[in-house]
Asks: 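Handing you a structure now.
As the structure is a computational prediction, the values presented were derived from the model and not from experiment.
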Amino acid sequence: MDVQPRYGAEFALGEHSVRHLRRILRLYLKGSGLLEVADAAGLALTEILANVVRHVPGRRCRVCFLLLPGAVRVEVSDDCPLLPVPGSGDVLADSGRGLLLVEAVTDRWGVTPRPGGGGKTVWFECAAERPHSRR
């Protein structure tokens, strides 16, 4: 399968958007030979999109999947100046654990604010496991 090194689209998230974006990501990773990171990347994408649904007026965002050597980088950008803050990890809290999950299942993640406070990009990377070298 011929997969482009970059996929991007802009959305106003609706009722089924997160499920569809997870499916697109899985197909993208399968076609790229990175299916082994699909579960982790799908969970992290779900949590970041849930923050868009909860905190971004109009639920508008841009999603980008970038192929890296042996890995994928996923970026979700929006125009909301509020930066996400990881929760305390309180298991009884109604919310606040999403970014803790992102940290747990990805290799790297972060937030890049736009200059002037006009929004941000929340991103993460998931790397495929390297095969063990034979001795």
Side-chain angles (χ1 to χ4, degrees):
M1 179 183 262
D2 186 26
V3 175
Q4 297 297 315
R6 178 185 177 104
Y7 167 84
E10 187 167 331
F11 298 91
L13 297 176
E15 183 179 346
H16 302 290
S17 299
V18 174
R19 180 179 66 193
H20 294 310
L21 284 166
R22 273 196 325 259
R23 185 175 298 142
I24 291 167
L25 177 59
R26 178 173 280 284
L27 290 171
Y28 186 76
L29 293 171
K30 181 179 181 183
S32 303
L34 292 170
L35 189 57
E36 68 188 82
V37 302
D39 289 339
L43 177 57
L45 178 62
T46 298
E47 294 302 330
I48 292 171
L49 293 175
N51 282 343
V52 171
V53 169
R54 285 187 195 105
H55 303 292
V56 175
R59 299 178 172 184
R60 294 200 65 78
C61 67
R62 288 165 299 290
V63 177
C64 184
F65 308 149
L66 300 161
L67 290 180
L68 305 173
V72 66
R73 179 180 174 107
V74 175
E75 299 177 348
V76 178
S77 302
D78 62 61
D79 295 331
C80 181
L82 298 175
L83 299 180
V85 178
S88 65
D90 181 356
V91 295
L92 298 177
D94 289 335
S95 63
R97 292 182 299 277
L99 292 175
L100 297 173
L101 283 171
V102 170
E103 184 171 345
V105 301
T106 64
D107 292 292
R108 296 176 359 131
W109 77 278
V111 181
T112 306
R114 278 197 213 129
K120 70 207 167 275
T121 299
V122 181
W123 58 269
F124 66 84
E125 295 175 3
C126 291
E129 298 228 4
R130 291 176 182 37
H132 298 292
S133 60
R134 295 184 184 177
R135 294 180 190 190

Asks: Do Ile24 and Leu43 share a hydrophobic cluster (ILVMFWY, side-chain heavy atoms under 4.5 Å, transitive)?
Replies: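 Unlinked, Ile24 and Leu43 end up in two clusters.
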
Asks: Only counting residues at least two apart or in another chain, list the ones meeting side-chain contact (heavy atoms from CB on, under 4.5 Å) with Ala9.
Replies: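 side-chain contact (heavy atoms from CB on, under 4.5 Å) list for Ala9, sorted by chain: Tyr7, Phe11.
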
Asks: Do you know the tightest heavy-atom contact between Leu29 and Ala38?
Replies: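 For Leu29 and Ala38, the tightest heavy-atom pair comes out as CD1-CA, 3.6 Å.
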
Asks: In chain order, what residues pass the salt bridge (charged side-chain N to carboxylate O under 4.0 Å, His left out) check against Arg59, with sequence neighbours excluded?
Replies: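 Arg59 satisfies salt bridge (charged side-chain N to carboxylate O under 4.0 Å, His left out) with no other residue.
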
Asks: So, for Val102 and Glu47, which heavy atoms are closest and what is the spacing to 0.1 Å?
Replies: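 So the two residues come closest at CG2-CB, 3.8 Å.
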
Asks: Write down the atom of Gly58, the atom of Ala12, and the distance for their closest heavy-atom approach.
Replies: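 Looks like O-CB, 4.1 Å.
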
Asks: Any chain of hydrophobic side-chain contacts (each under 4.5 Å) joining Trp109 to Ile48?
Replies: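 Yes, because Trp109 and Ile48 connect within a single hydrophobic cluster, where side-chain heavy atoms sit under 4.5 Å apart.
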
Asks: Would Phe124 and Leu13 show up in the same hydrophobic cluster when neighbours are defined by side-chain heavy atoms closer than 4.5 Å?
Replies: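 Yes, Phe124 and Leu13 fall within the same hydrophobic cluster.
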
Asks: Using salt bridge (charged side-chain N to carboxylate O under 4.0 Å, His left out) as the criterion, list what pairs up with Glu15, not counting sequence neighbours.
Replies: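 Scan of Glu15 (salt bridge (charged side-chain N to carboxylate O under 4.0 Å, His left out), adjacent residues dropped) gives none.
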
Asks: Could you pull out all residues at least two apart from Thr46 that satisfy side-chain hydrogen bond (donor to acceptor under 3.5 Å, both in side chains)?
Replies: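 Checked Thr46 against side-chain hydrogen bond (donor to acceptor under 3.5 Å, both in side chains); matches are Arg22.
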
Asks: Can Val53 be reached from Val56 by stepping across I, L, V, M, F, W or Y side chains whose heavy atoms are under 4.5 Å apart?
Replies: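 Same hydrophobic cluster.
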
Asks: Nearest heavy-atom pair of Cys126 and Val105: which atoms, and what distance?
Replies: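 Answer, listing the atom of Cys126 first, then Val105: SG-O, 4.2 Å.
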
Asks: When hydrophobic residues are tied together by side-chain contacts of less than 4.5 Å, even through go-betweens, does Leu27 share a cluster with Leu35?
Replies: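 No, because Leu27 and Leu35 fall into different hydrophobic clusters, even though each may have its own neighbours under 4.5 Å.
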
Asks: Filter on ring pair (Phe, Tyr, Trp, His ring centres under 6.0 Å), then keep only pairs touching residues 33-63, sequence neighbours left out; what's left?
Replies: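 Qualifying pairs, neighbours excluded: none.
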
Asks: Looking at Leu25 and Gly42, what are the two nearest heavy atoms and their distance?
Replies: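 Heavy atoms only, the tightest pair is CD2-N, 3.9 Å.
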
Asks: Which atom pairs, donor and acceptor, lie under 3.5 Å between side-chain atoms of residues 65-86 and protein residues at least two apart or in another chain?
Replies:
{"residue": "Arg73", "atom": "NE", "partner": "Glu75", "partner atom": "OE2", "Å": "2.8"}
{"residue": "Arg73", "atom": "NH1", "partner": "Glu125", "partner atom": "OE2", "Å": "2.9"}
{"residue": "Ser77", "atom": "OG", "partner": "Thr121", "partner atom": "OG1", "Å": "2.7"}
{"residue": "Asp78", "atom": "OD1", "partner": "Cys80", "partner atom": "N", "Å": "2.9"}
{"residue": "Asp78", "atom": "OD1", "partner": "Lys120", "partner atom": "NZ", "Å": "2.7"}
{"residue": "Asp78", "atom": "OD2", "partner": "Lys120", "partner atom": "NZ", "Å": "3.2"}
{"residue": "Asp79", "atom": "OD1", "partner": "Arg62", "partner atom": "NH2", "Å": "3.3"}
{"residue": "Asp79", "atom": "OD1", "partner": "Arg114", "partner atom": "NH1", "Å": "2.8"}
{"residue": "Asp79", "atom": "OD1", "partner": "Arg114", "partner atom": "NH2", "Å": "3.3"}

Asks: To the nearest 0.5 Å, tell me how far Leu21 CG sits from Arg26 CZ.
Replies: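 Nearest 0.5 Å value for the CG-CZ distance: 14.0 Å.
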
Asks: At what distance, to the nearest 0.5 angstrom, does CD of Gln4 lie from OH of Tyr28?
Replies: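 Gln4 atom CD to Tyr28 atom OH measures 8.0 Å (nearest 0.5 Å).
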
